[in-house]
Peer 1: 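I am attaching a structure below and will ask some questions about it afterwards.
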Amino acid sequence: MHKEVKEHLAESKPSPIPVARLINVSKLYGKGSLLVKALDQIDLEVTQGDYLAVMGASGSGKSTAMNILGCLDRPTHGSYELNGKAVEDLDEDALADLRNQELGFVFQQFHLLPEATALENVMLPMIYAGINPKEREIKAINALQKVGLAERISNRPNQLSGGQQQRVAIARAIINQPSLLLADEPTGALDSKTTEDVLNLFDELHNQGITVVLVTHENEVAARAKRVARFNDGRVVEITESR
């Protein structure tokens, strides 16, 4: 193939679609001599189908960035765009709707309702989304099958292992087909074997086209991602290709 044709094809290839963009974002706490810059004019883009690991020491700003990406906090300065729409000025009701419809969350602590079954925990976001009961049940069963818990739909959290509880939490996070799946230290409370199982599940979800941002302090966990963003003193100091 001629060089000119190759260059034309490279130029005509569509650019990845931005799902989330932090544009010159700062997050400040306090004032005067007590002013703390949790984030200091950072730019970060997550494209459709990305798998980004976020790393940094305690106080580096990585959790603050995750909270802004998850619409759990607002930037002091700058803009956050989710699917091309600036969200920092939305009111609380609009932010709640956005979180329910566009974002999925997985945390170190599983945050499951203790008296609810696995099925009921997974159905919860669909209740807020106004989906009818029959459709909720069908979708929740399918999601639990996807994470390997078809036989555990009637179990409550205290009847499940830590890894199984995290799988329920992941099923709940993806139930509304979010644009962005945010995971904050999702393997922090798990043993090494269970960590491997959960990371394999994240790999499967990513291979199915889900966009993932994962905060971790473990290099071996970050190595599963496509890219790694390293934070220090409220800034993104390095973004590298992991695989």
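None of these values were measured; they are calculated from a predicted model.
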Peer 1: Do Leu98 and Leu181 belong to the same hydrophobic cluster, where Ile, Leu, Val, Met, Phe, Trp and Tyr are linked whenever their side-chain heavy atoms lie under 4.5 Å apart, directly or via other members?
Peer 2: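 Different clusters.
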Peer 1: Minimum heavy-atom separation for Ile42 to Gly234, with atom names?
Peer 2: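 Nearest pair, atom of Ile42 first, then Gly234: CG2-O, 3.1 Å.
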Peer 1: Taking all atoms of both residues into account, what is the closest heavy-atom pair of Pro75 and Val25, and its distance?
Peer 2: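 Heavy atoms of Pro75 and Val25 come nearest at CB-CG1, 3.7 Å.
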Peer 1: OG of Ser60 to NE2 of His217: how many Å apart, nearest 0.5 Å?
Peer 2: 12.5 Å
Peer 1: Is it true that, when you exclude Glu151 itself, more than 12 heavy atoms of the residues, nucleotides or ligands shown sit nearer than 6.0 Å to its CD?
Peer 2: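 Incorrect, the count does not exceed 12.
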Peer 1: Check whether Glu45 reaches the backbone of Pro18 with its side chain - one donor and one acceptor, N or O, closer than 3.5 Å.
Peer 2: no
Peer 1: State, with a plain yes or no, whether a side-chain heavy atom of Val54 is found less than 4.5 Å away from one of Met66.
Peer 2: no
Peer 1: Find out whether Arg136 and Ile127 are in side-chain contact, i.e. whether some heavy atom of one side chain is under 4.5 Å from a heavy atom of the other.
Peer 2: yes
Peer 1: Quick check: do Ile138 and Asn142 have side-chain heavy atoms less than 4.5 Å from each other?
Peer 2: yes
Peer 1: I want to check something: taking the side chain as every heavy atom from C-beta on, are Val147 and Glu204 in contact at a cut-off of under 4.5 Å?
Peer 2: no
Peer 1: For the residue pair His111 and Phe107, categorise the inter-ring angle as parallel (less than 30°), tilted (30 to 60°) or perpendicular (more than 60°).
Peer 2: perpendicular
Peer 1: Measure across Leu35 and Gly30 and return the closest heavy-atom pair with its distance rounded to 0.1 Å.
Peer 2: CD1-O, 3.3 Å
Peer 1: Is it the case that the side chain of Ser161 and the backbone of Gln164 share a donor-acceptor pair, with hydrogens and angles ignored and the cut-off at 3.5 Å?
Peer 2: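 Looks like yes, one N/O pair under 3.5 Å.
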Peer 1: Closest heavy-atom contact between Tyr80 and Leu180?
Peer 2: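 Closest approach of Tyr80 to Leu180: OH-CD2, 4.3 Å.
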Peer 1: About how many Å separate CD1 of Ile175 and CE of Met123, when rounded to the nearest 0.5 Å?
Peer 2: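 Met123 atom CE to Ile175 atom CD1 measures 9.5 Å (nearest 0.5 Å).
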Peer 1: Should Glu218 and Met55 be marked as a side-chain contact (heavy atoms from CB on, under 4.5 Å) after you check the CA-CA gap, both sets of side-chain angles, and the distance that decides it?
Peer 2: CA-CA 8 Å; Glu218 301 177 74; Met55 301 192 74; 5.9 Å; no
Peer 1: Compare every heavy atom of Ala38 with every heavy atom of Thr64, then report the nearest pair and how far apart it is.
Peer 2: OG1-CB, 3.8 Å
Peer 1: Judged by atom type as modelled, is there a donor-acceptor pair below 3.5 Å linking the side chain of Thr76 to the main-chain atoms of Leu28?
Peer 2: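 Present.
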Peer 1: Enter the distance from Arg21:CZ to Leu44:CG here, rounded to the nearest 0.5 Å.
Peer 2: 10.5 Å
Peer 1: As a quick check of understanding, evaluate side-chain contact (heavy atoms from CB on, under 4.5 Å) for Glu88 and Ser79, giving each step before the final call.
Peer 2: CA-CA 6 Å; Glu88 63 272 4; Ser79 181; 3.1 Å; yes
Peer 1: Taking all atoms of both residues into account, what is the closest heavy-atom pair of Ala20 and Leu82, and its distance?
Peer 2: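 Heavy-atom minimum between the residues: CB-CD1, 4.4 Å.
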Peer 1: Say you draw a straight line from CG of Asn67 to NZ of Lys62; how long is it, rounded to the nearest 0.5 Å?
Peer 2: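 Reported to 0.5 Å precision, the distance equals 11.5 Å.
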Peer 1: Is it true that Val213 and Ile239 fall in one hydrophobic cluster, defined by side-chain heavy atoms closer than 4.5 Å?
Peer 2: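 Yes.
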Peer 1: Please test Val236 against Phe231 for side-chain contact (heavy atoms from CB on, under 4.5 Å), starting from the C-alpha separation and ending with a verdict.
Peer 2: CA-CA 5 Å; Val236 180; Phe231 278 62; 3.6 Å; yes
Peer 1: Test side-chain contact (heavy atoms from CB on, under 4.5 Å) on Val221 and Leu199; report intermediate values, then the result.
Peer 2: CA-CA 8 Å; Val221 173; Leu199 291 177; 3.8 Å; yes
Peer 1: Going only through I, L, V, M, F, W and Y residues with side-chain contacts under 4.5 Å, is there a path from Leu103 to Leu205?
Peer 2: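 They do not share one cluster, since no chain of ILVMFWY contacts under 4.5 Å joins Leu103 to Leu205.
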Peer 1: Would a single hydrophobic cluster contain both Leu124 and Met126, if residues Ile, Leu, Val, Met, Phe, Trp and Tyr are joined by side-chain heavy-atom contacts under 4.5 Å?
Peer 2: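 No, no single cluster joins them.
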Peer 1: Is a side-chain N or O of Thr47 found less than 3.5 angstrom from the main chain of Asp50, in a donor-acceptor match?
Peer 2: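 No: the side chain of Thr47 does not pair with the backbone of Asp50.
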Peer 1: Given 3.5 Å as the limit, does a donor-acceptor pair link the side chain of His206 with the main chain of Gly49, or not?
Peer 2: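 Here the side-chain-to-backbone pair exists.
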Peer 1: Do Val19 and Glu102 touch side chain to side chain, with heavy atoms closer than 4.5 Å?
Peer 2: no
Peer 1: Can you tell me how far apart NZ (Lys139) and CD (Gln177) are? Round to the nearest 0.5 Å.
Peer 2: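 The NZ atom of Lys139 sits 6.0 Å away from the CD atom of Gln177.
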Peer 1: Please check if the side chain of Asp184 supplies one atom and the backbone of Val215 the other of a donor-acceptor pair under 3.5 Å.
Peer 2: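 It does not hold such a pair.
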Peer 1: Is the side chain of Asn100 donor-acceptor paired with the backbone N or O of Pro125 at a distance under 3.5 Å, no angle test?
Peer 2: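 Flag set: sc Asn100 to bb Pro125 pair under 3.5 Å.
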Peer 1: Does any non-hydrogen side-chain atom of Val106 lie less than 4.5 Å from one of Val198?
Peer 2: no
Peer 1: Is atom CG of Asp233 surrounded by more than 12 heavy atoms (other residues, nucleotides or ligands) closer than 6.0 Å?
Peer 2: no
Peer 1: With a 3.5 Å distance limit and no angle check, can you tell me whether Asn176 reaches the backbone of Gln101 through a side-chain donor-acceptor pair?
Peer 2: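 Answer holds: no.
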Peer 1: Group every Ile, Leu, Val, Met, Phe, Trp and Tyr by side-chain heavy-atom contacts under 4.5 Å, then state whether Val46 and Tyr51 land in the same group.
Peer 2: no
Peer 1: Kindly check if the number of other-residue, nucleotide or ligand heavy atoms within 6.0 Å of CD (Gln145) is above 12?
Peer 2: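 Correct, the count exceeds 12.
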Peer 1: Would you say Val168 and Pro157 make side-chain contact, with heavy atoms under 4.5 Å?
Peer 2: no
Peer 1: What's the separation between atom CG in Leu149 and atom CD in Gln165, rounded to the nearest 0.5 Å?
Peer 2: 10.5 Å
Peer 1: Quick one: does Arg74's side chain have a donor or acceptor within less than 3.5 Å of a partner on Leu90's backbone?
Peer 2: yes
Peer 1: Identify whether the distance between the nearest side-chain nitrogen and carboxylate oxygen of Arg224 and Glu196 falls below 4.0 Å.
Peer 2: yes
Peer 1: Can you check whether Phe202 reaches Ile210 side chain to side chain, under 4.5 Å on heavy atoms?
Peer 2: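 In short, these two side chains do not touch, never coming nearer than 4.5 Å.
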Peer 1: Can a donor-acceptor pair be found, under 3.5 Å and without considering hydrogens, that links the side chain of Arg156 to the backbone of Pro114?
Peer 2: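 Flag not set: sc Arg156 to bb Pro114 has no pair under 3.5 Å.
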